[in-house]
Amino acid sequence: MSRLGTIGVRLYRGEIGYDFVAKRKFWYAVSILITITAIVGLAVRGLNMGIEFKGGAVFNTPKTSVSVTQVQETATEASGHHAIVQKLGNDTLRIQVSDLDTTQATKVQNELAKDLGISADKIAAELVGPSWGEQIANKAWTGLGIFMILVVIYLAIAFEWRMALAALIALIHDLTITVGVYALVGFEVTPGTVIGLLTILGYSLYDTVVVFDGLKEGAVGITKQTRYTYSEIANRSLNGTLVRSINTTVVALLPVAGLLFIGGGFLGAGMLNDISLSLFVGLAAGAYSSIFIATPLVADLKERDPQMQALRKRVLAKRAAAAAKGESPDAEDGDERHPDEDGLDGPLPGDAAPAGAGGTVVAPRGGRGRGRSSGRRR
């Protein structure tokens, strides 16, 4: 088994772990800082909307040896607006100019024909009205609203309202960061961008639901025991799916990174940047929010419940009493049920020895084996 696989198994068994939930205030602060930066970038620079949303003209030239820079200067000077020129694979050019009417488009087409040394009818010109992009934007907002409502309803029924609220906050967090990055880097927002934004919502939700499912299973009958608090169960569920989340994210990011950095950067395939940047940022933000935001937020909300507060007091009192006697808090468990029966067996960071470097916690090894009481056997 690979080293990463071994770590994954040990995380799943609770033999090691990182206490994400206990350090949640730090991760909240990091997320707030990133979100504020994204909002400021959006407010100051705004989004660079494509011609589908602003309206304009698209010109496609035949195969030519004229440089992109020269054509861009010609189109910008003739139109009075910034022109975006992309060189396609067959040495043809695609020129986009926003905010043009029919008369202005004809003028630009004639100037481009002179610059390229060809007749104007060989340059295909297409006018794009802003109403088409507006329709796409409205449909995207409608789809986003319906998606959010359905997500909240599903999670509230399948899990509970606290998890639904945490997942909703995580999704908004991911969208805000992705849109903010678009504003900061100045990439053009096109229908492909909208598709990418809607796509990342499903991925982010999937990662979050996987952790929530483990948390729901691990918290069954939690108030009938005095070994672990709700936050510790939440942290164990998170550690149990950590390697899986990392593997899924890396595998998903690799092809997207190929589109963004190789296709867009080296090959100059600008149209790929529209969707690849939103996917790349959104996938990374989704993995981050499912680990550092959603689950710690659920634990925060759940710990406000009177039953969970009472459980925490009992757990801490038991540990204090055991520490005063110099015993392990799991040495004698007088709970009504065996911890193993509901998936609460195994050490947790809350019971462990002091954390070592990097926040990794190594569980203590007692003589009873995973904390089982001596009076019951499987």
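No hydrogens or angles considered: nothing links the side chains of T249 and Y288 as a donor-acceptor pair under 3.5 Å. Between S79 and Q104, the side chains place no donor N or O within less than 3.5 Å of an acceptor N or O (distance only, hydrogens not considered).
Shortest non-hydrogen contact noted between K216 and A158 is NZ-O, 2.8 Å. Summarising the geometry of A120 relative to Q109, their closest heavy-atom pair is O-NE2, 3.0 Å, with the distance given to 0.1 Å. The minimum heavy-atom distance linking A83 with A75 is given by the pair CB-CB, 3.6 Å.
In this structure, the side chain of Y230 does not engage the main chain of L311 through any donor-acceptor pair within 3.5 Å. Within the 3.5 Å criterion, the main-chain N or O of V209 finds no donor-acceptor partner in the side chain of D213. In terms of modelled atom types and a separation under 3.5 Å, the side chain of T295 and the main chain of I291 share no donor-acceptor contact. Counting only distance, with no hydrogens or angles, the side chain of T76 and the backbone of E73 share no donor-acceptor pair below 3.5 Å. Here the side chain of R312 pairs no donor or acceptor atom with the backbone of Y228 at under 3.5 angstrom. Under a 3.5 Å cut-off, the side chain of T61 and the backbone N or O of L93 do form a donor-acceptor pair.
By the rule that hydrophobic residues join a cluster once side-chain heavy atoms approach within less than 4.5 Å of another member, L198 and Y203 end up as members of one cluster. Linking ILVMFWY residues whenever their side-chain heavy atoms come closer than 4.5 Å, directly or via other members, places L253 and L197 in the same cluster.
For the pair R319 and E232, the salt-bridge criterion is met [side-chain N within less than 4.0 Å of a carboxylate O].
Relative ring orientation between F292 and F20 is described as perpendicular, the plane-to-plane angle rising above 60° on a 0-90° scale split at 30° and 60°.
Paired with Q70 under the rule side-chain contact (heavy atoms from CB on, under 4.5 Å), one option of L116, D115, V85 passes, and it is D115.
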Taking distance alone, no hydrogens or angles, what donor-acceptor pairs closer than 3.5 Å link side-chain atoms of residues 174-182 to residues at least two apart or in another chain?
from	atom 1	to	atom 2	distance (Å)
D174	OD1	S289	OG	3.1
D174	OD2	S204	OG	2.5
D174	OD2	S289	OG	3.2
T176	OG1	I172	O	2.8
T178	OG1	D174	O	2.8
Y182	OH	D274	O	2.3
Y182	OH	S278	N	3.4

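A search for salt bridge (charged side-chain N to carboxylate O under 4.0 Å, His left out) contacts involving R24 returns D300, not counting sequence neighbours.
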